[in-house]
Structure formats: C-alpha cells, structure tokens
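Presented below is the structure to which this report refers.
Along the sequence shown, residues carry numbers from 1. Whatever order the structure lists ligands and atoms in, that order sets their numbers, starting from 1. Below, each value reflects all heavy atoms present in this structure, side chains not excepted, and no hydrogens, waters or symmetry copies.
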Amino acid sequence: MPSDAFVAQLNEQIGHEYAAHQQYVAIAVHYDAETLPQLAHFFYRQALEERDHAMMMIQYLIDADERAVVPGVAAPQVDFDNVVAPVALALAQEKRVTEQINALAALARQEGDYSSEQFMQWFIKEQIEEVATMSDLLRVVERSQDHEMDIEDYLAREHLGEEGEDPTAPHPAGAAG
Ligand SMILES: [Fe+2]
Ligand SMILES: [Fe+2]
C-alpha cells in the first residue's frame with residue numbers, strides 16, 4: 001500500500017507532468033510557427049512523453065486502489081525572444097522535475113513504502129536521460145543560434161532524444177497492451 005503522503009505528492013507530480021506536457025506543446029507550436037519543423041517535431045514528441053509520465057502515475061494509483069486526481073495546470077509560456085530561450089526553459093524544467101522525482105523516491109523510502117520507491121526508479125533513470133538530451137540540445141542551439149538551419153540539420157541527422165521501445169517502462173493508463 002502506498003502511504004497517504006506519497007499518494008498526495010504523486011498526485012501533485014501528475015500536475016507537474018501535465019504542466020510539462022503543455023509547456024512542450026507550446027514550445028513545439030512556437031517552433032512550428034517559425035518554420036523550424038525539426039525543433040517542433042522534437043518538442044511535440046517530448047510533450048507526448050510527459051503525458052505518458054502523467055498517465056503512468058495515474059495507472060500506478062489506480063492499480064494501488066488509490067485516488068488519482070486529474071489536475072488543471074497553469075498556462076505555459078508561449079512567447080520567446082530567440083531560438084535558444086525555449087530550450088533553456090525546457091532544461092530548467094527537466095532539472096526541476098528531477099528534484100521532484102528524487103524527492104518522491106526519498107519520501108517513499110522514508111515512509112517504508114518500498115513498492116512506491118521501486119516505482120520511482122524508472123523515473124529516476126528517465127530524468128537522467130531527459131536532462132542529458134536537453135543539455136545536448138541547448139549546446140547545439142547556443143552554438144548555432146545564428147544559423148537555425150544548422151540546428152535543423154543536426155536534429156534531422158542525430159535523432160536526438162528518440163528512444164526505442166522500453167520494455168521496463170510502467171504502463172500508461174489508457175494505452176494499448
Ligand atoms: Fe516527465
Ligand atoms: Fe521530461
């Protein structure tokens with residue numbers, strides 16, 4: 001049984017994941033409008049991953065017979081001054097989420113809630129990847145900010161952040177299989 005404190009904090013995290021989803025959609029739409037399709041594609045895909053994270057947490061609570069609350073979220077930032085700003089915002093967001101995920105794992109351990117501690121392990125690994133991917137992208141956009149087509153070429157060539165199927169990933173609520 002997850003502890004009450006963990007259930008409350010995981011429900012908060014579902015809100016953070018949906019907020020991340022909305023922010024990444026906003027960034028993708030911004031790049032799409034600027035006719036930077038590779039950057040747009042990257043963030044549309046990241047947005048879907050964030051939605052999956054929220055739905056994995058919802059599935060965990062449903063399976064544990066706990067109440068999962070679908071939250072409203074604050075409006076994302078939609079205006080950006082240059083090509084670098086959205087990626088810098090995204091990296092800051094991923095670092096913040098990493099702290100939140102680590103805090104959830106620490107809380108589960110502190111509460112003696114070992115199933116929830118184990119559930120958080122996948123997210124800890126995922127955050128290491130997401131921070132690394134976003135750090136790589138920030139370096140690329142900073143280096144090539146005056147040559148946006150170089151950024152687009154890089155993304156088309158390197159498939160940054162594209163992961164194959166991960167059989168260890170928790171099941172997102174509502175997903176097939
Ligand atoms: Fe996430
Ligand atoms: Fe993320």
Side-chain angles (χ1 to χ4, degrees), residues 2 6-32 38-64 66 68-78 80 84-108 116-142 151 155 158-175:
F6 182 83
V7 169
Q9 202 160 316
L10 189 61
N11 268 306
E12 264 178 50
Q13 190 62 35
I14 291 167
H16 299 320
E17 300 293 336
Y18 275 121
H21 168 266
Q22 291 292 89
Q23 186 60 71
Y24 286 164
V25 170
I27 291 172
V29 167
H30 166 79
Y31 283 136
D32 218 348
Q38 296 290 338
L39 276 164
H41 175 69
F42 174 87
F43 278 100
Y44 283 129
R45 207 180 51 237
Q46 288 303 125
L48 288 176
E49 286 192 16
E50 300 305 342
R51 181 186 181 281
D52 276 351
H53 297 164
M55 295 304 256
M56 289 168 184
M57 292 169 183
I58 287 174
Q59 184 70 59
Y60 179 75
L61 290 172
I62 292 172
D63 287 344
E66 297 288 351
V69 183
V70 177
V73 298
Q77 185 175 330
V78 294
F80 301 97
V84 175
V87 183
L89 180 74
L91 179 58
Q93 176 173 281
E94 290 299 341
K95 287 181 173 173
R96 195 165 62 241
V97 168
T98 297
E99 288 173 13
Q100 292 161 349
I101 294 292
N102 290 343
L104 273 159
L107 175 64
S116 296
E117 187 187 347
Q118 190 185 37
F119 173 66
M120 294 314 299
Q121 296 308 308
W122 183 84
F123 292 93
I124 291 172
K125 175 178 68 81
E126 177 74 3
Q127 280 312 119
I128 292 169
E129 284 170 17
E130 296 209 336
V131 168
T133 300
M134 213 57 84
S135 300
D136 288 350
L137 182 59
L138 184 60
R139 259 191 298 278
V140 171
V141 294
E142 281 178 343
I151 304 170
L155 282 172
E158 297 295 331
H159 304 288
L160 195 64
E162 274 178 44
E163 298 152 25
E165 279 290 292
D166 178 355
T168 70
H171 184 77

Can you check whether [X] reaches [Y] side chain to side chain, under 4.5 Å on heavy atoms?
{"X": "Tyr24", "Y": "Ile27", "answer": "yes"}
{"X": "Leu137", "Y": "Leu155", "answer": "yes"}
{"X": "Val140", "Y": "Asp136", "answer": "no"}
{"X": "Leu48", "Y": "Asp52", "answer": "no"}

Under the salt bridge (Lys or Arg N to Asp or Glu O under 4.0 Å) test, residues paired with Glu94 that sit two or more places apart: none
Smallest separation among heavy atoms of Leu10 and Leu104, with atom names: N-CD2, 3.7 Å
Nearby protein N/O/S atoms (those under 2.8 Å) for the Fe ion (ligand 2), with water ignored: Glu50 OE2, Glu94 OE1, Glu94 OE2, Glu130 OE1
